[in-house]
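Shown next, in structure tokens, is the structure this report addresses.
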Amino acid sequence: MTEGEQVTEAEFETLLREVGALKEGHFLLASGRHSGQYIEKFDLLRQPRMTEQACREFVRQVQDWGVEVVAGPTTGGILLAFEVARQLGVAAAYAERASDGSSAREFRRGTQFPPGAKVLVVDDILTTGGSVRETLAALEREDVQVLGIAVLVDRSGGRVTFDVPLLALTRMDIATWEPDDCPLCRAGVPLVKPGTTASGGGAPKPA
């Protein structure tokens with residue numbers, strides 16, 4: 001990506017391949033589904049300059065929206081929310097797992113929204129939309145207006161939609177399967193759970 005220039009979807013997908021973020025194999029996703037491809041967003045997010053440039057494209061697309069707060073879910077969404085908010089010159093807010101141990105999210109640590117604040121939600125990879133919907137649910141308990149959602153990659157093939165605009169730096173129709181329907185399982189391809197290695201390198205451990 002060249003600083004200051006618009007980033008096309010094809011260019012961003014090429015970047016993901018170049019940094020090794022787009023991986024091939026047999027993966028157990030956070031949703032419980034299986035896939036033959038996995039996007040390790042931290043291969044991008046570990047590189048501040050590239051992350052800054054990716055967020056600059058978000059900013060370019062929403063700069064006229066009047067965004068007042070950028071909200072993102074843990075974990076990768078926090079990094080993106082911070083950087084997009086920094087570039088826009090507004091506040092950031094972070095949707096963490098609820099303190100009661102449930103799957104819900106909440107804005108903790110004294111986070112407060114100005115009444116009627118216009119909020120942009122950002123996240124890393126959209127597969128089923130679970131973390132985004134949890135963030136939206138947390139925002140419903142606040143006096144805010146959600147303007148839209150921005151993600152690095154929409155890997156749902158357009159099947160996941162929301163009631164507000166969805167921006168994606170690239171869209172990829174990556175097949176996923178329930179475990180009982182997974183052709184890679186039937187073929188005996190070893191299943192791995194991304195993010196289970198102690199260090200950043202090497203292959204994930206079997207799930």
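Treat the numbers as computed from the prediction; the structure is a model and nothing was measured.
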- request: Take atom CD of Glu178 as the centre, draw a 6.0 Å sphere, and report whether it contains more than 12 heavy atoms from other residues, nucleotides or ligands.
  value: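 Yes, enclosed.
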
message: Restricting to non-hydrogen atoms, name the atom on Ser35 and the atom on Ile174 that form the minimum distance, rounded to 0.1 Å.
response: OG-CG2, 3.4 Å

message: For a quick test of reading the model, state the closest non-hydrogen atom pair linking Asp43 to Gly20 and the distance between them.
response: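 Where Asp43 meets Gly20 most closely, the heavy atoms are OD2-O, 3.0 Å.
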
query: Under 4.0 Å between a Lys/Arg side-chain N and an Asp/Glu carboxylate O for Lys23 and Glu40?
result: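 No, this pair does not count.
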
query: Hey, are Glu106 and Arg141 close enough for a salt bridge, meaning a charged N less than 4.0 Å from a carboxylate O?
result: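 Judged by the 4.0 Å cut-off on N to carboxylate O distance, Glu106 and Arg141 do not form a salt bridge.
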
message: Please verify the inter-ring angle class for Phe113 with Phe107; under 30° counts as parallel, over 60° as perpendicular, anything in between as tilted.
response: perpendicular

- request: Applying side-chain hydrogen bond (donor to acceptor under 3.5 Å, both in side chains), name anything that partners Asp173, two or more places apart in sequence or on another chain.
  value: Arg159

Is there a side-chain contact between [X] and [Y] (heavy atoms, below 4.5 Å)?
{"X": "Arg17", "Y": "Glu13", "result": "yes"}
{"X": "Val90", "Y": "Val69", "result": "no"}
{"X": "Ile149", "Y": "Val121", "result": "yes"}
{"X": "His34", "Y": "Leu184", "result": "no"}
{"X": "Leu80", "Y": "Leu45", "result": "yes"}

message: Quick test of your reading: applying salt bridge (charged side-chain N to carboxylate O under 4.0 Å, His left out), list the pairs with at least one residue in residues 110-135, sequence neighbours left out, ordered by first then second residue.
response: Lys41-Asp124, Arg97-Glu134, Arg105-Glu134

- prompt: Would a hydrophobic clustering, with Ile, Leu, Val, Met, Phe, Trp and Tyr connected at side-chain separations under 4.5 Å, put Leu79 with Ile39?
  reply: yes

task: Indicate whether any N or O donor in one side chain lies under 3.5 Å from an N or O acceptor in the other, for Gln87 and Glu83.
output: yes

Euclidean distance, [Y] [atom2] relative to [X] [atom1], rounded to 0.5 Å:
{"X": "Leu167", "Y": "Phe58", "atom1": "CG", "atom2": "CZ", "value": "8.0 Å"}
{"X": "Thr161", "Y": "Leu166", "atom1": "OG1", "atom2": "CG", "value": "9.0 Å"}
{"X": "Leu126", "Y": "Met172", "atom1": "CG", "atom2": "CE", "value": "13.0 Å"}

message: Does Thr127 form a side-chain hydrogen bond (donor to acceptor under 3.5 Å, both in side chains) with Arg33? I'd like the steps, not just the answer.
response: CA-CA 10 Å; Thr127 301; Arg33 296 175 69 86; over 6 Å; no

